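Some notes on the structure that comes next.
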2 protein chains.
Amino acid sequence: MALDRKDLAILAELTTNARASHTELANKVGLSSTALARRQKALEDEGYIQAYQAALDLAQFGLTTTVLVRIALESQSDEALKAFEAEVVKCPSVVRCFLMSGNDDYILIVMARDIQDFERIHRTELSRLPRVARVQSSFALREVVNRAVPNVVFGEAKR
Amino acid sequence: MALDRKDLAILAELTTNARASHTELANKVGLSSTALARRQKALEDEGYIQAYQAALDLAQFGLTTTVLVRIALESQSDEALKAFEAEVVKCPSVVRCFLMSGNDDYILIVMARDIQDFERIHRTELSRLPRVARVQSSFALREVVNRAVPNVVFGEAKR
DNA sequence: CCGGGATGCGCGTCGGTGTGCCCAAGGAAA
DNA sequence: TTTCCTTGGGCACACCGACGCGCATCCCGG
């Protein structure tokens with residue numbers, strides 16, 4: 001299935017207002033509500049839209065500090081990777097974890113209240129991860145860009 | 001304002017089904033629809049809920065490759081930072097950009113179709129950024145964890 | 001000329017939403 | 001202890017709008 005400009009406009013709008021009604025969306029895209037309903041349903045059925053989710057303001061929960069953690073394991077054996085990953089998914093402060101190429105084996109993104117809180121996280125969550133050889137943390141001073149979807153997806157539609 | 005367990009349950013549910021109706025949510029949380037409507041509106045008004053947004057499946061758009069890019073500038077002057085940031089926000093393949101402490105000045109997360117596509121992005125987007133001294137790219141082999149909200153937020157509610 | 005795909009219009013039904021009101025629980029003051 | 005007040009919850013209702021259907025139309029490609 002190929003997406004035309006209107007499909008992309010629908011997706012762009014839904015990434016902002018997931019609760020918009022059919023008529024509301026139809027006006028913005030330039031379709032009738034029924035045509036829009038069909039397209040939206042098709043986008044859902046074919047998996048372009050994974051879910052509709054509320055975006056929480058983490059700052060309201062005191063989570064103002066983002067930390068990037070680079071982790072190297074003692075061994076890259078399949079067993080070591082599995083053991084590490086099984087535990088890292090349980091860490092409640094971890095929001096993302098990538099298995100990486102290059103020197104570092106894993107890169108985590110961790111949310112903390114502040115630096116002191118990260119010390120606690122480091123002690124109670126990160127240091128308990130198995131098979132870890134080295135942990136290196138960098139603090140994010142500021143977030144310059146934060147998009148759920150790269151603009152390249154909407155490329156043609158923005159015009 | 002303090003959030004009790006039911007507020008957290010509402011947020012946890014909305015993080016999954018942003019389009020759930022009042023009655024639907026009320027049943028899951030254990031409230032009447034009117035009580036739930038009040039709480040949900042309060043959560044919105046006080047900024048706990050920033051927005052309702054559709055989550056797109058980037059793999060459906062061919063964006064299966066995640067790249068972490070570490071960038072050091074020639075200078076850390078305020079002017080250099082501003083110049084760099086003004087351009088990086090325009091890069092359509094960049095989804096996140098942090099100003100970092102430590103050796104690297106910025107860390108970007110870039111979405112690409114594949115490695116060849118990243119070469120193109122490197123050429124047409126990244127290499128055109130101003131004041132850049134060094135660019136170092138690492139490919140994500142796999143995404144182990146990807147949460148919008150750290151589980152620590154819902155801590156007590158999960159019981 | 002014709003047929004498939006997509007669009008737009010109109011309509012009826014259904015469900016959500018918001019309001020008003022009453023009730024229960026908890027805390028404070030007398 | 002009693003009384004008052006506040007806070008939050010539930011119930012009922014009515015309104016409004018969304019949703020999904022059927023059908024006619026249009027555009028394009030064959």
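Each chain gets a letter, A, B and so on, in the order the sequences are listed, and its residues count up from 1. On a predicted model such as this, the values are computed, not experimentally measured, just so you know.
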Checklist entry - Cluster question for you: counting only ILVMFWY and a side-chain heavy-atom cut-off of under 4.5 Å, with indirect links fine, are B:Ile109 and A:Phe154 together? => result yes
Over how many whole Å does the gap from [X] atom [atom1] to [N] atom [atom2] extend?
X       : N      : atom1 : atom2 : value
A:Leu31 : C:dA6  : CG    : P     : 12 Å
A:Lys6  : C:dA6  : NZ    : C1'   : 10 Å
A:Asp7  : C:dA6  : CG    : C1'   : 12 Å
B:Asn27 : C:dG15 : CG    : P     : 14 Å
B:Gln40 : D:dG8  : CD    : P     : 17 Å
A:Leu25 : C:dG8  : CG    : C1'   : 17 Å
B:Glu44 : C:dG18 : CD    : C1'   : 14 Å

The criterion is side-chain hydrogen bond (donor to acceptor under 3.5 Å, both in side chains); which residues satisfy it with [X], sequence neighbours excluded?
X        : answer
A:Gln116 : none
B:Ser75  : B:Ser77
B:Lys6   : none

Checklist entry - Where along nucleotides 15-24 of chain D does protein come under 4.0 Å, by heavy atom, of base (B) or sugar-phosphate alone (S), with - for untouched nucleotides? => result ---SSSB---
Would you tabulate the side-chain donor-acceptor contacts of residues 55-69 of chain B under 3.5 Å, counting partners in other chains and residues two or more places apart, or write 'none'?
| residue | atom | partner | partner atom | Å |
| --- | --- | --- | --- | --- |
| B:Asp57 | OD1 | B:Ala59 | N | 3.2 |
| B:Gln60 | NE2 | A:Glu46 | O | 3.4 |
| B:Thr64 | OG1 | B:Arg113 | O | 3.1 |
| B:Thr65 | OG1 | B:Arg113 | O | 3.4 |

Checklist entry - What pairs meet the side chain to side chain donor-acceptor pair (under 3.5 Å) rule with one or both residues in residues 25-37 of chain B, with sequence neighbours excluded? => result B:Glu13-B:Lys28
